[in-house]
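The figures that follow rest on heavy atoms only: side chains count, while hydrogens, waters and symmetry mates do not. Numbers restart at 1 for each chain; the letters A, B, ... are given by sequence-line order, proteins then strands.
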2 protein chains.
Amino acid sequence: MINIQELDTDRLEMAANMLKAIAHPMRIAILKHLEGGKKLTVTEIHELLGIEQSTTSHHLGILKDKGVLCSRREGKNTYYYLKHDILSQIVDCLQRCTCSE
Amino acid sequence: MINIQELDTDRLEMAANMLKAIAHPMRIAILKHLEGGKKLTVTEIHELLGIEQSTTSHHLGILKDKGVLCSRREGKNTYYYLKHDILSQIVDCLQRCTCSE
DNA sequence: TTAACAGATGCAAATATATAAATATTTGAC
DNA sequence: GTCAAATATTTATATATTTGCATCTGTTAA
């Protein structure tokens with residue numbers, strides 16, 4: 001028998017993990033670059049953001065692990081992209097909420 | 001002279017702080033209860049969620065500090081409510097992104 | 001002015017996260 | 001197979017977060 005309360009807790013937990021994954025300046029910047037279905041490699045992102053390769057890979061790993069991004073390997077490169085297009089909503093919302101203060 | 005890069009960094013930082021504030025199971029649950037312009041007291045929230053009063057107050061303080069909630073004192077009670085209605089978008093988005101997995 | 005209620009704050013222990021440096025793995029070219 | 005490029009993982013250190021308890025501050029009503 002399935003417990004609704006439990007399900008809800010799991011769902012909240014999942015949502016929180018997803019948000020926690022996004023809630024970092026560099027990771028928000030990554031999402032911005034991936035809006036509109038764009039796909040970028042680790043190297044492209046690490047150069048765009050000007051941060052270490054290993055740090056970039058780490059951030060991408062977190063985003064993927066928590067269900068924010070997907071990745072596809074093509075040859076030596078791994079392309080990362082948004083798992084759900086609607087996630088752009090979050091970035092947009094943040095953009096609107098942070099301009100008035 | 002203002003540095004655009006710097007501004008952008010500050011803005012990202014602010015956005016990340018706002019998201020970090022939301023990114024917690026209990027705090028997402030709080031936002032859910034406040035959708036639609038509802039105002040609730042600390043006690044109401046602490047009873048709704050079934051968590052300690054002081055823990056509730058801590059969470060509300062974080063959300064207020066990071067610009068997610070506002071509060072108004074009325075007599076013995078303090079009512080908390082969403083600062084920006086559009087923040088419901090984030091909760092909605094999470095709800096949609098967490099049902100398919 | 002005191003009792004009782006509502007909320008906020010300080011603190012400490014447990015836990016989680018961030019970063020970078022070093023190292024490992026995977027893949028394609030030769 | 002060997003090498004180099006692209007990416008991932010490991011590790012260690014520093015820092016931040018979460019939670020509950022105890023306590024403190026306001027506020028209302030007796």
> Is there a side-chain contact between B/Ile90 and B/Ile28, using heavy atoms and a 4.5 Å cut-off?
Replying inline: no
> Closer than 4.0 Å, any side-chain N/O of A/Ser57 to the OP1 or OP2 of D/dT7?
Replying inline: no
>> Over all strands shown, is A/Thr41 touching base, sugar-phosphate only, or nothing at heavy-atom distances under 4.0 angstrom?
In response: sugar-phosphate
>> Please tell me whether B/Tyr81 and B/Leu31 are part of a single hydrophobic cluster in this structure, the criterion being side-chain heavy atoms less than 4.5 Å apart.
In response: no
>> Measure NZ/B/Lys20 against P/D/dT18 and give the value in whole Å, please.
In response: 10 Å
>> Is the phosphate of D/dA8 approached by A/Tyr80 (side-chain N or O, under 4.0 Å from OP1 or OP2)?
In response: yes
Between the protein and nucleotides 10-15 of chain C, which nitrogen or oxygen pairs come in under 3.5 angstrom?
none

>> Can you measure B/Leu49 atom CG to D/dT18 atom P for me and round it to whole angstrom units?
In response: 15 Å
> Which pair of heavy atoms, one from B/Ile62 and one from B/Arg27, lies closest together, and at what distance?
Replying inline: CD1-NH1, 3.5 Å
> Quick one: A/Ile22 CD1 to C/dA18 P, roughly how many Å, whole number?
Replying inline: 13 Å
>> With nearest nucleotide decided by heavy atoms, which residue, B/Asn77 or A/Gln53, maps closer to the 5′ end of DNA chain C?
In response: B/Asn77
>> Do B/Glu74 and B/Tyr79 make a side-chain contact, defined as non-hydrogen atoms from C-beta onward lying under 4.5 Å apart?
In response: yes
>> Measuring from the side chain of A/His24 (C-beta onward, heavy atoms only), which nucleotide among C/dA8, D/dT7, C/dA18 has the closest atom?
In response: C/dA18
> Whole Å only: how far is the CD atom of A/Glu52 from the C1' atom of C/dA22?
Replying inline: 11 Å
> How many Å lie between CD on B/Glu47 and P on C/dG7, as a whole number?
Replying inline: 9 Å
>> Between C1' on C/dA16 and NZ on A/Lys66, what's the gap in Å once rounded to a whole number?
In response: 11 Å
>> To the nearest 0.5 Å, what is the distance between OG on A/Ser88 and CD on A/Gln95?
In response: 10.5 Å
> Quick one: are B/Thr55 and B/His59 in side-chain contact, heavy atoms under 4.5 Å?
Replying inline: yes
> Hey, is the main chain of A/Glu52 close enough, under 3.5 Å, to the side chain of A/Thr56 for a donor-acceptor pair?
Replying inline: yes
> Between A/Ile62 and B/Thr55, which has a closest nucleotide on DNA chain C that is more 5'?
Replying inline: B/Thr55
> Considering residues at least two apart in sequence or located in another chain, which fulfil the side chain to side chain donor-acceptor pair (under 3.5 Å) criterion with B/Lys39?
Replying inline: none
> Do B/Lys64 and B/Tyr80 come close enough that some side-chain heavy atom pair is under 4.5 Å?
Replying inline: yes
> A/Glu13 has an atom CD; how far is it from atom P of C/dA16, in whole Å?
Replying inline: 11 Å
Using a cut-off of under 3.5 Å, enumerate the N/O to N/O pairs linking the protein to nucleotides 26-30 of chain D.
none

> Are the side chain of A/Thr98 and the backbone of A/Leu94 linked by a donor-acceptor contact shorter than 3.5 Å?
Replying inline: yes
> OP1 or OP2 of D/dT17 less than 4.0 angstrom from a side-chain nitrogen or oxygen of B/His59, does that happen here?
Replying inline: no
> Rounded to whole angstrom units, what separation is found between the CE atom of B/Met26 and the P atom of D/dT17?
Replying inline: 19 Å
